[in-house]
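We're numbering straight along the sequence, starting at 1.
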Amino acid sequence: GVARATYSKASTHGAPNIEKETITRLLYNIGSQREVQWYLNHFSSVESQKFAVIKVGGAIISDHLDSLASSVTFLNQVGLFPILLHGAGPQLNQLLEDAGVEPNYIDGIRVTDAKTLTIARSVFARENIKLADALEARGTRARPINGGVFTAEYLDPQKYGLVGKITHVNKGPIASAISAGALPVLTSLAETPDGQVLNVNADVAASELAKVIEPLKIVYLNEKGGMMHGGTGKLMDVINLDEDYEALMKEPWVKYGTRLKLREIHDLLQHLPRTSSVSIISPEHLQKELFTHSGAGTLLRRGYRLYK
Ligand code: ARG
């Protein structure tokens, strides 16, 4: 397997395979040496595959690929192996429009007919390679994984068509990529046991993956760099779900996407150890979010105080 970088106080300077310059850049640009060291130790203290699941929205691949590839490369250079899972919603909508197919959603789920699935499969495959290529171009080994991880049954064929409900997650391809030293780059497509490909919402797939992996961090990369408070218009810093969830769900501005996302994150964290937390952040500020106490985006946790 791949040697995991360790960052005990004594061994920092001798850490193997990591450019000292990289660490220095991290240390001096974003936070105090002490806190950055603390997070490096913390994130390196678990099995490589349990560091983070990072959900990459489709728009990030089309509009912020450079900043995404550079932030992820940075993580890998300090010895971490995040698992990437991406969507391709905006790209798919564009192609559907070109083909004269009207996108159709019920309760936030894309109704998927055969024509939509055909286009979805090719756009997923293309975006998957695009993300892996961008990483490889920066010297970060990446393995495109476009199937074989998610098994599903039909969610409700009458209502949603070719949409899957994940019943099993096969960690094999993920573990194999990481032990070969490559970052797993996954799409959210799933297969039934007899091989029918089904479409799965990428946020939902990220949650199902996280339930099986139990990572320290689940990161949702978005363009806004966090979750906005509908009343103040400001970015929310920390949400302690145990204390804040019910009140938040009563707020008039918590509707549509925000409501879905909050509920989903709340439910996900109920299934994970209290040491797991969710961050919503832009690719540009990922390092600051992960390696400082104050972060840069929105942190959601159950309420356990992990940090002093
Ligand atoms: N670096 C820590 C983490 O990733 C804390 C982040 C705090 N973030 C925030 N938006 N308040 O878990």
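- Taking 4.5 Å as the limit, some side-chain heavy atom of Lys159 sits within range of a side-chain heavy atom of Ile106.
- The structure places CG of Leu95 at 12.0 Å from OG1 of Thr118, a figure rounded to the nearest 0.5 Å.
- Residues Ala59 and Gln91 share a closest heavy-atom pair of N-OE1, 4.4 Å.
- Taking CD1 of Ile119 as the start and CG of Asp98 as the end, the distance is 8.5 Å to the nearest 0.5 Å.
- Side-chain polar atoms of Gln196 and Glu191 form no donor-acceptor pair below 3.5 angstrom.
- Side chains of Leu80 and Leu290 form no contact here, defined as non-hydrogen atoms less than 4.5 Å apart.
- A salt bridge does not link Asp244 with Arg301: none of the charged nitrogens is closer than 4.0 Å to a carboxylate oxygen.
- Side-chain contact between Glu264 and Leu260 is absent, with no heavy atoms from C-beta onward closer than 4.5 Å.
- Considering CD of Glu136 and CG of Leu131, their distance stands at 11.0 Å, rounded to 0.5 Å.
- The closest donor-acceptor contact from the side chain of Asp113 to the backbone of Thr116 lies under 3.5 Å.
- Remark: side-chain polar atoms of Thr140 are not paired, donor with acceptor, to backbone N or O of Thr73 under 3.5 angstrom.
- Here the straight-line distance linking atom CG of Leu186 with atom CZ of Phe150 works out to 5.5 Å at 0.5 Å rounding.
- Between the side chain of His285 and the main chain of Lys288, no donor-acceptor pair closer than 3.5 Å is present.
- Distance CZ/Arg302 to NE2/His266: 8.0 Å, rounded to 0.5 Å.
- Not one N or O on the side chain of Gln37 forms a donor-acceptor pair closer than 3.5 Å with the backbone of Arg34.
- Side-chain contact between Val149 and Lys171 is absent, with no heavy atoms from C-beta onward closer than 4.5 Å.
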Item to check | Test side-chain contact (heavy atoms from CB on, under 4.5 Å) applied to Ile83 and Ile178, step by step | outcome: CA-CA 9 Å; Ile83 302 169; Ile178 293 176; 4.3 Å; yes
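- Proximity of the aromatic rings of Phe291 and Tyr39 is defined here by a centroid distance below 6.0 angstrom, and this criterion is not met.
- The closest side-chain heavy-atom distance from Tyr105 to Val111 is not below 4.5 Å.
- In this structure, Ser44 contributes its side chain and Leu40 its backbone to a donor-acceptor pair below 3.5 Å.
- The pair Asp242-Arg274 counts as a salt bridge, with a side-chain nitrogen and a carboxylate oxygen less than 4.0 angstrom apart.
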Item to check | Ser282/Glu289 under side-chain contact (heavy atoms from CB on, under 4.5 Å): CA gap, chis, key distance, verdict | outcome: CA-CA 9 Å; Ser282 64; Glu289 174 63 17; over 6 Å; no
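- Considering only heavy atoms from C-beta on, Thr151 stays 4.5 Å or farther from Ile166 through its side chain.
- Judged purely by atom type and a 3.5 angstrom limit, Thr292 has no side-chain atom pairing as donor or acceptor with the backbone of Gly31.
- Side-chain contact check for Glu97 and Asn93: no donor-acceptor pair (N or O, by modelled atom type) lies under 3.5 Å.
- The closest side-chain donor-acceptor pair between Asn128 and Thr187, if any, does not fall under 3.5 angstrom.
- Val185 approaches Ala142 most closely through the heavy-atom pair CG2-CB, 4.1 Å.
- Considering all non-hydrogen atoms of both residues, Arg110 and Pro103 come closest at NH1-CB, 4.0 Å.
- Side-chain contact between Asn104 and Tyr160 is absent, with no heavy atoms from C-beta onward closer than 4.5 Å.
- In this structure, a donor-acceptor pair under 3.5 Å is absent between the side chains of Ser276 and Lys217.
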Next on the checklist: Checking Val46 against Leu216 for the side-chain contact (heavy atoms from CB on, under 4.5 Å) test, could you report, in this order, the C-alpha distance in whole Å, the side-chain angles of both residues, the deciding distance, and whether it holds?
Outcome noted: CA-CA 8 Å; Val46 292; Leu216 289 173; 3.8 Å; yes
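- Aromatic ring pairs are classed by plane angle as parallel below 30°, tilted from 30° to 60° and perpendicular above 60°; the pair His86 and Phe124 is tilted.
- When the side chains of ILVMFWY residues are joined at heavy-atom separations under 4.5 Å, either directly or via intervening members, Leu85 and Val163 end up in two distinct hydrophobic clusters.
- Through direct or relayed side-chain contacts under 4.5 Å between Ile, Leu, Val, Met, Phe, Trp and Tyr, Ile280 connects to Ile218, Tyr220, Met227, Met236, Ile239, Leu241, Tyr245, Leu248, Met249, Trp253, Val254, Leu262, Ile265, Leu268, Leu269, Leu272, Val278, Leu300.
- Panel note: side chain Ser279, backbone Ile281; no donor-acceptor pair is recorded below 3.5 Å.
- Other cluster members for Ile129: none, since no ILVMFWY side-chain heavy atom sits under 4.5 Å from it.
- Enclosure of atom CD in Glu246 is not indicated, since only 12 or fewer non-hydrogen atoms of other residues, nucleotides or ligands lie within 6.0 angstrom.
- More than 12 heavy-atom neighbours from other residues, nucleotides or ligands sit within 6.0 angstrom of CZ on Arg126.
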In residues 203-215, what donor-acceptor pairs under 3.5 Å come from side-chain atoms, sequence neighbours left out?
unit_1: Asp203; atom_1: OD1; unit_2: Lys55; atom_2: NZ; d: 2.7
unit_1: Asp203; atom_1: OD2; unit_2: Lys261; atom_2: NZ; d: 3.4
unit_1: Ser207; atom_1: OG; unit_2: Asp203; atom_2: O; d: 3.3
unit_1: Glu208; atom_1: OE2; unit_2: Lys211; atom_2: NZ; d: 3.2

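- With no hydrogens or angles considered, no side-chain donor-acceptor pair links Asn76 and Arg138 at under 3.5 Å.
- Side-chain contact between Leu183 and Pro82: present, with at least one pair of heavy atoms (C-beta onward) separated by less than 4.5 Å.
- In this structure, the separation between CG on Leu198 and CG on Leu189 is 9.0 Å, given to the nearest 0.5 Å.
- Tracing side-chain contacts under 4.5 Å through hydrophobic residues (I, L, V, M, F, W, Y), one never reaches Tyr154 starting from Ile109; they form parts of separate clusters.
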Checklist entry - Could you walk me through whether Asp237 and Leu299 pass the side-chain contact (heavy atoms from CB on, under 4.5 Å) check? => result CA-CA 6 Å; Asp237 176 16; Leu299 176 75; 5.7 Å; no
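- Side-chain N/O atoms of Ser67 and Glu284 include no donor and acceptor closer than 3.5 Å.
- Cluster membership check: Ile174 shares its hydrophobic cluster with Val72, using side-chain heavy-atom separations under 4.5 Å among Ile, Leu, Val, Met, Phe, Trp and Tyr.
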